[in-house]
Amino acid sequence: MHASIAFVGAGPTTIYTLHALLAEIRGQAQITIYEAQPRAGLGTPYRPDWNDPAMLSNIASVEIPPIRETLCAWFERQPRSTLLRLGVDPDAIDPETFYPRVALGAYFQDQFDWLIASARGRGMTVEVMTGVRVTDMRVEGRRVCLSVSPRSGTAFERVHDDVVLATGHQWPEEPEVKPGYFLSPWPATALHRIPPSPIGILGSSLTAIDAAVTLATEHGAFVEGEGEALHYRIDPQAADFAITMLSRKGLLPEADFYHPLPYAPLAICTPEAVSALIEQGGADLLERAFALFCDELAVADPAYADAIGLSEATPESFADRYFADRMAADPFDWAAANLAQARADFGDHHTVPWRYAILRMHEVLALIAPHLDEEALARFNSVLKPVFVDAYATVPHLSIERMLALHRAGRLEVIALGQGSNIDTKAERGAVVTVGGRRRHFPVFIDATGQHPLGAEAFPFPTLLEQGVVQDAAQADGAGIKGIVVDAQFHPVSEHPARERLFCLSIPFLLQRHPFLQGIASSHEMGVTVGTELAAAADAASLEAAA
């Protein structure tokens, strides 16, 4: 009897987990994949029905872990007509380029199909069920029973040995929850019905930029002007169209900067050094880890360390110093200068040492997050996390170009909310924002701050909570921390003997304790961990059955 493995969700996380499973398994397995959407292998961030063609991914081709092939190699195999339909210039394919989200979706779907064919070619039983939703699951002995509801037809139950929960981001299918107020910019098709009017967008990251670009292309067009400058041309009937981005600091993200890949090793703030701090324990873990961070940064870029007074910095004061110059400048002036510098650095293959050091350290410092108490975790998330996010969530140069073009056309401003601001969503339409005593009504208001951590009350499989297989992080830690608790292999942490049959890779429920667990790189890392363990368990089951 071969092991029965179920995947709930069929996006990039499942793809990378399946890839690792097939790479490591020596015997056979029965694989079932449950996907709520009509097509498997896309994932919400890359679905064509959820993304506007103008929305760009924030990961370059060279950074996407290959499956059957790299993204660029896949592009090279496609007909020109396909590439043009996906918004890819067939004559400008480059590993350093950022491509539309829908292009990545087409790539992942093709790689998913190849993995399924490969598994079947090796004699495995693989069933891909689309248009079905797993509504609950419960443990029966050491197996897991899934309750499945198809879009049409009768609900049914299936029992599996191992289950991988990869349900991905959670957004409402209809984002406009009241007239003019949108909980998210997805699906992007909902933005197409917004009339030209004053529009407020909460956030200024790539998610907010994508929303702004989608709206801008609905009511006008970006056109190349004299030289290299990009211009925005408004449609004649859209005179009232204007966007205001509102974020805590009132900054635009930095443009993608040149750096070597794979990452150069760290010298001081290494995973081993941080793991040793965790082993030592103590209430001052954040401060000790921050000291390692400062030592690494000082070695990497002594001039930068001196300029910001790093030797005297605390986590709070470092964050203030990191953002100080940008907050003192006009956000669009800074963005233009930063874009010019980033382009020059790419041309010269020059890496800014302090940027590269902070970028490489974000995943290392993230190791401490699951071990911090509630107060220290709140400090980490409020002061250090924004620095690391700023370092790794840089955006395509074209995204910054588009924001500058909108601003030059008088169609975009960025406002810092700061402390004491208020967003009133109870208005009859849209929202009313009060900043510095000034009250502004936006008849259309879009929350584009991205996926937020979700608490256990939103976990879609309540019976697992009732059985004690999955634990509420807030209850387990005795603190107000959202989500569920998992171990290093992504098994839920509990006393239940069947917990090792489950793997929770559902990112919204892990985010507060794992703040950087987003994006394709994280999907790959989780997939390797879980796929390798699944392969070992399946092979052990095959040997036991044969004995």
If you look only at distance, which donor and acceptor atoms sit under 3.5 Å apart when one is on a side chain in residues 441-451 and the other is two or more places apart or in another chain?
residue, atom, partner, partner atom, Å
H441, NE2, R429, O, 2.7
D447, OD1, T449, N, 3.0
D447, OD1, T449, OG1, 2.5
T449, OG1, H452, NE2, 2.8
Q451, OE1, Q170, N, 2.9

How are the rings of [X] and [Y] set to each other: parallel, tilted or perpendicular (split at 30° and 60°)?
X    : Y    : value
Y322 : W354 : perpendicular
F318 : F293 : perpendicular
F241 : Y232 : tilted
Y263 : Y356 : perpendicular

Can you name the salt bridge (charged side-chain N to carboxylate O under 4.0 Å, His left out) partners of [X], sequence neighbours left out?
X    : result
R411 : none
D284 : R288
D487 : R499

Would you please indicate if the ring centroids of H350 and Y258 are separated by under 6.0 Å?
->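 No, too far apart.
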Pair F490 + F503: ring centers closer than 6.0 Å |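 Distance test on ring centres: not under 6.0 Å, no.
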Excluding sequence neighbours, so at least two apart, what forms ring-ring contact (aromatic ring centres under 6.0 Å, His included) with F380?
->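 F380: no ring-ring contact (aromatic ring centres under 6.0 Å, His included) contacts found.
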Residues in side-chain contact (heavy atoms from CB on, under 4.5 Å) with V62, at least two apart?
->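 With neighbours one apart ignored, the set is A60, P95, E96, L261.
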Can a donor-acceptor pair be found, under 3.5 Å and without considering hydrogens, that links the side chain of [X] to the backbone of [Y]?
X    : Y    : result
K178 : G430 : yes
R513 : V485 : no
Y46  : P12  : no
D472 : A456 : no
N51  : R47  : yes
T463 : D136 : no

Hey, mind stepping through L417 and V433 against side-chain contact (heavy atoms from CB on, under 4.5 Å) and telling me if it holds?
-> CA-CA 9 Å; L417 290 171; V433 179; 4.1 Å; yes
Any side-chain heavy atom of H362 within less than 4.5 Å of one from V387?
->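 No. Closest side-chain heavy atoms not under 4.5 Å.
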Interatomic spacing from CD1 in I209 to CG in L252 - rounded to 0.5 Å |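 CG of L252 is found 6.0 Å from CD1 of I209.
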Taking only Lys NZ, Arg NE, NH1 and NH2, and the carboxylate oxygens of Asp or Glu, determine whether E254 and R355 approach each other closer than 4.0 Å.
->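 Judged by the 4.0 Å cut-off on N to carboxylate O distance, E254 and R355 do form a salt bridge.
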